[in-house]
Amino acid sequence: MSLKPEDFFKNVISHCKEYGYIFQSSEIYDGLSAVYDYGQNGVELKKNIRDYWWKAMVQLHENIVGIDAAIFMHPTTWKASGHVDAFNDPLIDNKDSKKRYRADVLIEEHVAKIEDKINKEVEKAKKRFESFDEAMFRSTNGRVVEYQTKINDINNRFKAALNAGNLEEVKQLIIDCEIVCPISGTRNWTDVRQFNLMFSTQVGSVSEDSNTIYLRPETAQGIFVNYSNVQKTGRMKIPFGIAQTGKAFRNEIVARQFIFRMREFEQMEMQFFVKPGTENEWYDYWKNNRLKWHLSLGLGDKNYRYHDHLKLAHYAKAACDIEFQFPFGFKELEGIHSRSDFDLMQHEQFSGKKLQYFDTDDNKSYVPYVVETSVGLDRLFLSIISSALREETLEGGETRTVLGLPPALAPIKAGVFPLIKRDGLPELAEKIVADLKLDYLVIYDEKDAVGKRYRRQDAIGTPYCITVDHQSLEDHTVTLRERDSMQQVRVNLTDLNRILDEKVSLKSLLRTLI
RNA sequence: GCGGAAGUAGCUCAAUUGGUAGAGCUCUAGCCUUCCAAGCUAGAGGUUGCGGGUUCGAGACCCGUCUUCCGCUCCA
């Protein structure tokens, strides 16, 4: 593909729209930013990806079960998880440099500078006096006391402002401290805005107070709060996992790049509960296992890489991403995190319920450690569709647009065509459709020349086309045309089911994982 | 949120300095008959993203707004 990545990405987006994969949300009302709808083909591809993940996780692992937790959860869940506190950043922009800062960070840095000044005074004094009482110096030296008072004032004002949710006061504090933008050097600041990661809504009648609940920003907490339910009712023995797919919602500051970062998106997560001390080996196991799953899609091994996190989130002991080479560069596709016992401990503390596991081998109880695998279904969708789309130049200079989807994931498994629209060919084709549709989503098409029908199916990624001709009426054979090679073979009607089963069923993909 | 670019039929794009909104593909009905986007006939599809303004007249110029793409920023 000689197109620039930027233009190629535009092609992907318009192809998605043109062929019923993805539409912008509420398009007739000018759209809704960073929200997208899946069309008639998109919903099938997405469902197939989800099924493949689910079967690879739940069906192929005897010690993994699934759940489907509600999107609404008790508000305390998000206090326990850290989402309420950790994601309420006050933000401020410098109008000259166009740079955005966290207001709290600006103030903290300012305070740190004053502290530096104090330390310098202390150092100077240390050199000057033989016997030096640092505590005494700090509490009596005029300049140091002045600095310290300033720091205390700033901290007090800042805390009070944050607690009161008074963002104007935060801005005033930045102005009063004469904080300048490190880039532009100016004090030309915008107002401070609070950015909330979580969407909130009200339960019960509208006017009742303090019934605010959140739309979950991750599905994982639904698993953690059900840990005990599943462990007990499923008689699960550690190590075991709980899988879940579902919608999550994040109020991203900038949500862009098509379906890569959306405000409403679907996660596929699996939380694996292990004995403390064994988390590292399980972390490695899932790191390998998940990459193997991705590679099985056949999108090209060089399109994937690991990215180990150096800076870790508050709950994590180790974390890595599996990144994929999207049209706009390598970006996170899946995260594998060693979450320690952080989440279950937090929920124990906030709920007052024991979330422990009695290990019969050791004859003792403990809170299990967790290794998480978390993949974005929409990102996976984008990785697949963007690497599948290609434009080929055929002999004779014609071009054809092909969506080379993994056959097992393709929305429509086969197109069934009568070569011409008479002589009983449509009837036989309809009969084939009636038979195949019990197992697969197939499509009947009799409009236009057969070559055109082949191309139509190529563009939506249908892996096989079955064409009925006059010979079919005599010997019950049809031509089976393969999408990528455009090769045709003559096969018996009675073999169709077996051949499709081999080529396009999820089973064929799942087998590569074992 | 800031800066840049863009928005015309389902898709890809035209439309002279401001002067009747068009083509190809797609789609629908029919003819023809046929293994790789064939041909013919007829038809559908538009308040030029939306709202104001300037003008005798706006797709074009001005203002606002929405959406998308790119860059910055943020990202459990």
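Every chain is numbered from 1, with letters handed out A, B, ... down the list of sequences. Just so you know, these numbers use all the heavy atoms, side chains as well, and skip hydrogens, waters and symmetry mates. For clarity, every value in this text was computed on a predicted model and none was experimentally measured.
- Under the Watson-Crick or G-U wobble criterion, with both distances below 3.5 Å, B:U55 is left unpaired in every strand shown.
- B:U73 makes up no base pair with any nucleotide shown, lacking Watson-Crick or G-U wobble contacts both under 3.5 Å.
- Between A:Glu18 and A:Ile259, it is A:Glu18 whose nearest contact on RNA chain B lies nearer the 5' terminus.
- Taking atom C1' on both nucleotides, B:G71 is separated from B:U12 by 27 Å, rounded to a whole Å.
- Listed nucleotides B:C11, B:C36, B:C35 differ in distance to A:Met486; the shortest reach to its side chain belongs to B:C36.
- Cation-pi contact between A:Arg481 and A:Tyr454: present, with separation from the ring centre below 6.0 Å and deviation from the ring axis of at most 45°.
- The NE2 atom of A:His347 lies 10.5 Å from the CG atom of A:Asn226; values are rounded to the nearest 0.5 Å.
- Annotation: B:A23 and B:A15 have their P atoms spaced 15 Å apart (nearest Å).
- Following rounding to the nearest Å, A:Asp469 (CG) and B:U34 (P) show an atom-to-atom distance of 12 Å.
- Ring geometry, A:Phe326 versus A:Phe328: the interplanar angle falls under 30°, so the pair is classed parallel (tilted spans 30 to 60°).
- Rounded to whole Å, the separation between the C1' atoms of B:U67 and B:G51 comes to 15 Å.
- Taking only side-chain nitrogens and oxygens, A:Lys10 never comes nearer than 4.0 Å to OP1 or OP2 of B:U68.
- Shown here, B:C36 forms no base pair; nothing in the strands shown gives a Watson-Crick or G-U wobble contact with both key distances under 3.5 Å.
- Comparing A:Ala459 and A:Gln267 by the nucleotide of RNA chain B that holds the closest heavy atom to each, the one mapping nearer the 5' end is A:Ala459.
- In this structure, the side chain of A:Asp469 engages the main chain of A:Gln471 through a donor-acceptor pair within 3.5 Å.
- Residue-level contact check: A:Glu269 touches neither bases nor backbone, having no heavy atom under 4.0 Å from any strand.
- Remark: B:U48 base-pairs with no nucleotide in the shown strands. Criterion, Watson-Crick or G-U wobble with two distances under 3.5 Å.
- Phosphate contact (OP1/OP2 of B:C36, side-chain N/O of A:Lys452, threshold under 4.0 Å): absent.
- Put simply, CD on A:Glu391 is 13 Å from C1' on B:C25, counting in whole angstrom units.
- Among the nucleotides B:C35, B:C70, B:A37, the one closest to any side-chain atom of A:Thr401 is B:A37.
- Under the Watson-Crick or G-U wobble criterion, with both distances below 3.5 Å, B:A5 is paired with B:U68.
- Put simply, A:Gln24 has a side-chain N or O that comes within less than 4.0 Å of OP1 or OP2 on B:U68.
- Within the structure, every side-chain polar atom (N or O) of A:Arg379 is placed at least 4.0 Å from both OP1 and OP2 of B:C75.
- Judged by the 6.0 Å distance and 45° axis criteria, A:Arg50 is not positioned over the aromatic ring of A:Trp53.
- Distances were taken from every side-chain heavy atom of A:Gln488 (C-beta onward) to each of B:C70, B:C36, B:C11; the shortest belongs to B:C36.
- Within 4.0 Å (heavy atoms only), A:Arg481 reaches at least one base atom of the nucleic acid.
- Across all strands shown, B:U12 forms a Watson-Crick or G-U wobble pair with B:A23, both key distances being under 3.5 Å.
- For B:C75, its base sits under 3.5 Å from the side chain of A:Arg261 at one donor and acceptor pair at least.
- Across the protein-nucleic acid pair, A:Ile460 atom CD1 and B:G10 atom P stand 21 Å apart, rounded to whole Å.
- Across B:C40 and B:C25, the matching P atoms stand 9 Å from one another, rounded to whole Å.
- Between A:Val274 and the options A:Tyr369, A:Phe240, A:Tyr283, a side chain to side chain contact (heavy atoms under 4.5 Å, CB included) holds for only A:Tyr369.
- Side-chain atoms of A:Asp448 lie closest to B:C27 of the nucleotides B:C35, B:C27, B:A38.
- Counting to the nearest Å, the P atom of B:C32 and the CG atom of A:Leu419 are 16 Å from each other.
- Considering only the side chain of A:Lys447, B:U28 comes nearest among B:A38, B:C35, B:U28.
- Rounded to whole Å, the P atom of B:G22 lies 13 Å from the corresponding atom of B:U16.
- Contact of the A:Met486 side chain with the A:Arg400 side chain is registered, since non-hydrogen atoms from C-beta on lie closer than 4.5 Å.
- Here B:U26 presents its P atom at 15 Å from CD of A:Gln457, a figure rounded to the nearest Å.
- Across the P atoms, B:C2 and B:U28 are found 45 Å apart, a figure rounded to whole Å.
- When the P atom of B:C75 is taken as reference, atom NE2 of A:His307 falls 13 Å away, rounded to whole Å.
- There is a side-chain donor-acceptor pair under 3.5 Å between A:Thr212 and A:Gln202.
- Using a 4.0 Å heavy-atom criterion, one finds that A:Phe23 contacts no nucleic acid atom at all.
- Taking atom P on both B:C31 and B:U48, the two are 38 Å apart, rounded to the nearest angstrom.
- Side chain A:Ser14 to base B:C11: no donor-acceptor pair is found below 3.5 Å.
- Distances were taken from every side-chain heavy atom of A:Arg422 (C-beta onward) to each of B:C35, B:C27, B:U33; the shortest belongs to B:U33.
- Comparing B:C13 with B:U8, their P atoms sit 9 Å apart, to the nearest whole Å.
- A sub-4.0 Å separation between OP1 or OP2 of B:C66 and a side-chain N or O of A:Ser33 is absent.
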